**Student:** 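Here's a structure for you.
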Number of protein chains: 2
Amino acid sequence: MNRMTRTFTDVGVGIKHVAAAAGVSTATVSRVLSGGSVSPALKERVEAAVRATGYRPNLSARRLRSKHSRTIGLIVSDIRNPFFTALSRSVEDVAFRADMRVILCNTDENPEREAMYLRLMEEERVTGMIIAPTRQTADRIERLSFDFPVVLVDRTGPLGTHDAVVIDNLRATRQLIEHLVDLGHRRIGGIFGNTSSTAVERHEGYAAAMRNAGLTPEARFAAPTIAGAATELAGWLAEPDHPRAFIASNGLLLLGMVKAVRAAGLTIPGDVTLAGFDNELWTELIGSGLSVIEQPIDEIGQSAMSLLFDRLERPDAPPRKMVLSGRLIERDASDPIEAAIPASPP
Amino acid sequence: MNRMTRTFTDVGVGIKHVAAAAGVSTATVSRVLSGGSVSPALKERVEAAVRATGYRPNLSARRLRSKHSRTIGLIVSDIRNPFFTALSRSVEDVAFRADMRVILCNTDENPEREAMYLRLMEEERVTGMIIAPTRQTADRIERLSFDFPVVLVDRTGPLGTHDAVVIDNLRATRQLIEHLVDLGHRRIGGIFGNTSSTAVERHEGYAAAMRNAGLTPEARFAAPTIAGAATELAGWLAEPDHPRAFIASNGLLLLGMVKAVRAAGLTIPGDVTLAGFDNELWTELIGSGLSVIEQPIDEIGQSAMSLLFDRLERPDAPPRKMVLSGRLIERDASDPIEAAIPASPP
DNA sequence: TGTCAAGATGTAATCGTTTTCTTAGCGCCC
DNA sequence: GGGCGCTAAGAAAACGATTACATCTTGACA
């Protein structure tokens, strides 16, 4: 026990040692461990030997032989985005309960990193992969064929080759716009991410809803980060005739917008009303003037895992796209600024 | 290519196919792939064969034979806590650059889950493990010996058997208290988590700093969650003679406290001043009356990985404890309430 | 009582790599 | 020109489990 030199080169006990200790064959040990049929007597002896030797099965060997990795690859584009954090937690939780592990891959919206991680998934022979890809990579993935189920989350490609879980972005954006219109806003700017299909859809929903209401869309695009949105909105607010309401295509952008508003010395909802996606904890703190679409993140993660498991059982079933819906959380500016003012063209 | 039935049972090409395609032995292929010495001619042929066959090395087989898993186990207690999110990102980033993968383990401060994940780390034969354990598990870990380096982050045990990266909690808490005292506060309550060594240290620092200033500590403990702190503080605020300043031992608790204050119809910094740990993005939004200790999270993650790599090279060096320091970010209540009022015993 | 099926156990092949060992070839030096 | 060392390459062992297959025991049933 008190080795004077540690070496970290595993010289641990293997299944052979256990077998020897229990006086049985390795096959029997294996069967005890994986629930094969063995007599109670032997089973007990083996279990005792396992305890006595402190045996830990070597998962690499097990995987190599059994061809089951019991591993889920989770590839997210920005783990600092609370949406993906919550998603990770949800996926990890399901995996844990299914006795599977999760390899965490963070790509920072970088297609090169995505590509490397895709390759890793193949080399790991993962049981399945859950990924929120950039637009670029989504296209690639849809053209590629994998030896394991792939589930796209939050983001999809145009082809729909793989299973997917998304929310109804068009509907959600429409709700958001209608809400702002109800409040009396006529000019509503939008800042959207420039890397994801989700941002694209939300932009489309925004544009459609605006036109539907007889209003003119004013959209700008930014890197999907706090700083990206803050810079973009700061510039916008510096323009003489800027809108008094804005929406953002995700929580990070929304926070960036709040910061920009504050930095410009303006108040919410006094000067500016905001709205956007993700019911992040801090949004509640703003109090009024910041309505959001809450996404059912836990359900997204759980659904993704379900789709994945289903797919393992029916590899040839047609791909399923699961569309969940967001929930509008109204945190109104009680006294909207432009309520009485007629709409003016940009 | 257009298989009519997908099966997900890997029948992929192995190193043998590549070897055959290139007209060489598997040993040569292996050497090409891992940078052994082969003639340029063969090397080229092998690389062509790899490309042509779409060969993906089987990592399980590789690990089994080579005994290097190139895998880091990361065990955090609550991935939804932005501190751990940032830590994960940092660790993942270093791992990625070192061509290693990260297994994500979230324990929800649950010792049973921690135990299962510890076992998993052994079975995975990880290269190393980075863990933020509960107090209970920290004690266990310190008594246990592992076949791989273990680095404790954020939290430690009393024995110091393993490498660790922490911040100077006593100093940080002292800074926090001194700052509040400078602002004129005499009664400062504290809410601390009840699962981590970190919370304990911060409580000790708090108590010491208070006594040092001739003040009476008033500490309470709660589950380290938003709800935990919110409930605790709500009750506290309902008491007739409660403090007007509070500190929290982490960001989650701090947010819970903000919510409780708001829910009680009180204002920050008007009625209550808060302070605590973790410079989370939302804290800035409060503006005034909420000072925080910013932790160098990226550096913590990077240092943990460094300690781990160092340990691999010198297994027998004495354990190192790396103590980083937090930075006080003052967001003052400019006009502290009790400034002119003499201290009153609780 | 003999046959057969079913269940328990052991033997040995196997998974896909890396690595050790061997051999072949080549240049160098005395 | 023979011995020596060095490098490139292949053959085969090894990694540690699972599992196909063979063997043996036992009980049921005709």
Side-chain angles (χ1 to χ4, degrees), chain A residues 8-47 49-50 53-71 120 122-127 147, chain B residues 8-47 49-50 53-71 99 119-120 122-127 147:
Chain A
F8 293 141
T9 39
D10 187 8
V11 286
V13 327
I15 200 172
K16 282 186 219 161
H17 300 88
V18 177
V24 301
S25 73
T26 62
T28 299
V29 176
S30 175
R31 282 191 273 254
V32 168
L33 263 43
S34 47
S37 69
V38 298
S39 68
L42 278 199
K43 184 166 179 184
E44 189 140 331
R45 253 164 58 201
V46 169
E47 281 166 349
V50 165
T53 54
Y55 169 66
R56 291 282 180 276
N58 181 320
L59 287 187
S60 294
R62 202 205 282 271
R63 288 182 185 131
L64 172 59
R65 177 61 230 235
S66 74
K67 309 208 163 229
H68 293 315
S69 69
R70 305 198 74 80
T71 299
L120 175 64
E122 306 190 293
E123 299 188 348
E124 289 278 0
R125 306 294 195 266
V126 292
T127 304
D147 292 330
Chain B
F8 293 141
T9 38
D10 187 10
V11 287
V13 328
I15 201 173
K16 281 185 218 160
H17 301 89
V18 178
V24 300
S25 72
T26 62
T28 299
V29 177
S30 175
R31 282 191 272 255
V32 169
L33 263 42
S34 49
S37 69
V38 299
S39 69
L42 278 199
K43 183 167 180 183
E44 188 140 333
R45 253 165 56 204
V46 168
E47 282 166 349
V50 166
T53 54
Y55 169 67
R56 291 283 181 276
N58 181 320
L59 288 186
S60 294
R62 201 200 283 267
R63 287 181 185 132
L64 172 58
R65 179 61 233 233
S66 73
K67 308 207 166 230
H68 293 315
S69 68
R70 305 198 74 79
T71 299
D99 190 28
R119 163 182 286 251
L120 176 64
E122 307 189 294
E123 299 187 351
E124 289 279 359
R125 307 292 195 265
V126 293
T127 304
D147 291 330

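It should be emphasised that the depicted structure is a prediction, and the values quoted were computed from it without experimental measurement. The basis for the numbers below is simple: all heavy atoms, side chains too, and nothing from hydrogens, waters or symmetry mates. Labels below follow one simple rule: chain letters A, B, ... track the order of the sequence lines, proteins then strands, and each chain is numbered from 1.
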**Student:** Quickly work out the B:R63 CZ to D:dA17 C1' distance and round it to whole Å.
**Tutor:**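 Roughly 15 Å, once rounded to whole Å.
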
**Student:** In this structure, how many angstroms lie between the C1' atom of C:dC15 and the NE2 atom of B:H17, rounded?
**Tutor:**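 So the NE2-C1' distance, B:H17 to C:dC15, works out to 13 Å.
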
**Student:** Would you say D:dA14 has OP1 or OP2 under 4.0 Å from some side-chain N or O of B:K67?
**Tutor:**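 For D:dA14, neither OP1 nor OP2 has a side-chain N or O of B:K67 closer than 4.0 Å.
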
**Student:** Which residue pairs satisfy the salt bridge (charged side-chain N to carboxylate O under 4.0 Å, His left out) criterion with at least one member in residues 38-47 of chain B, sequence neighbours excluded?
**Tutor:**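 Listed once each, the pairs would be none.
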
**Student:** Could you give the CD-to-C1' distance, from B:E123 to D:dT18, as a whole number of Å?
**Tutor:**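 B:E123 atom CD is separated from D:dT18 atom C1' by 15 Å.
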
**Student:** Among residues at least two apart in sequence or on other chains, which ones pass side chain to side chain donor-acceptor pair (under 3.5 Å) with B:T26?
**Tutor:**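 For B:T26, no residue satisfies side chain to side chain donor-acceptor pair (under 3.5 Å) once neighbours in sequence are set aside.
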
**Student:** Test of understanding: with salt bridge (charged side-chain N to carboxylate O under 4.0 Å, His left out), list the residues that count as partners of A:R56, not counting sequence neighbours.
**Tutor:**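 Counting only residues at least two positions away or on another chain, A:R56 forms a salt bridge (charged side-chain N to carboxylate O under 4.0 Å, His left out) with B:E122.
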
**Student:** Rounded to whole angstrom units, what separation is found between the NZ atom of B:K16 and the C1' atom of C:dT17?
**Tutor:**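 Atom NZ in B:K16 sits about 10 Å away from atom C1' in C:dT17.
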
**Student:** Just how far, in rounded Å, is P of D:dA17 from CD of B:E124?
**Tutor:**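 That distance rounds to 13 Å.
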
**Student:** Show every donor-acceptor pair shorter than 3.5 Å between a side-chain atom in residues 28-39 of chain A and any protein atom, with sequence neighbours excluded, or say none if there are none.
**Tutor:**
residue : atom : partner : partner atom : Å
A:T28   : OG1  : A:S25   : OG           : 3.3
A:S34   : OG   : A:S30   : O            : 2.8
A:S39   : OG   : A:L42   : N            : 3.4

**Student:** Over its full length, what angle do the end axes of the helix from C:dT1-D:dA30 to C:dC30-D:dG1 make, each axis taken from five pairs and the result rounded to 10 degrees?
**Tutor:**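 The angle, to the nearest 10 degrees, is 50°.
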
**Student:** List for me each residue that meets salt bridge (charged side-chain N to carboxylate O under 4.0 Å, His left out) alongside A:E123, sequence neighbours excluded, and say none if there are none.
**Tutor:**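 By the salt bridge (charged side-chain N to carboxylate O under 4.0 Å, His left out) rule, A:E123 matches A:R119.
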
**Student:** Send over the distance from B:R70 CZ to C:dT18 P, rounded to a whole Å.
**Tutor:**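 For the pair B:R70 CZ and C:dT18 P, the rounded distance is 12 Å.
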
**Student:** For B:R62 and D:dG16, give me the distance from atom CZ to atom C1', rounded to whole Å.
**Tutor:**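 In whole Å, D:dG16 C1' lies 18 Å from B:R62 CZ.
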
**Student:** For nucleotides 6-14 of chain C, just jot down a letter per nucleotide in 5' to 3' order: B, S or -, based on protein non-hydrogen atoms under 4.0 Å.
**Tutor:** --SBBBBBB

**Student:** Think A:Y55 has a side-chain N or O under 4.0 angstrom from the OP1 or OP2 of D:dA17?
**Tutor:**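 Yes, because at least one side-chain N or O of A:Y55 sits under 4.0 Å from OP1 or OP2 of D:dA17.
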
**Student:** Go through the structure and list residues passing salt bridge (charged side-chain N to carboxylate O under 4.0 Å, His left out) with A:R63, not counting sequence neighbours.
**Tutor:**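 Scan of A:R63 (salt bridge (charged side-chain N to carboxylate O under 4.0 Å, His left out), adjacent residues dropped) gives B:E124.
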
**Student:** Sequence neighbours excluded, which residues qualify as side chain to side chain donor-acceptor pair (under 3.5 Å) partners of A:S60?
**Tutor:**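 Checked A:S60 against side chain to side chain donor-acceptor pair (under 3.5 Å); zero matches.
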
**Student:** C:dT18 phosphate, OP1 or OP2: any side-chain N/O from B:S66 under 4.0 angstrom?
**Tutor:**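 B:S66 to C:dT18 OP1/OP2: no side-chain N or O under 4.0 Å.
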
**Student:** Taking all non-hydrogen atoms of both residues, which atom of B:I15 and which atom of B:Y55 are closest, and how far apart?
**Tutor:**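 The answer is N-CE1, 3.5 Å.
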
**Student:** Is there a donor-acceptor pair under 3.5 Å between the side chain of B:T71 and the backbone N or O of B:T127?
**Tutor:**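 Looks like no, no N/O pair under 3.5 Å.
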
**Student:** Specify the separation, in whole Å, of atom CG of A:L64 and atom P of D:dA14.
**Tutor:**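 The answer, rounded to whole Å, is 17 Å.
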
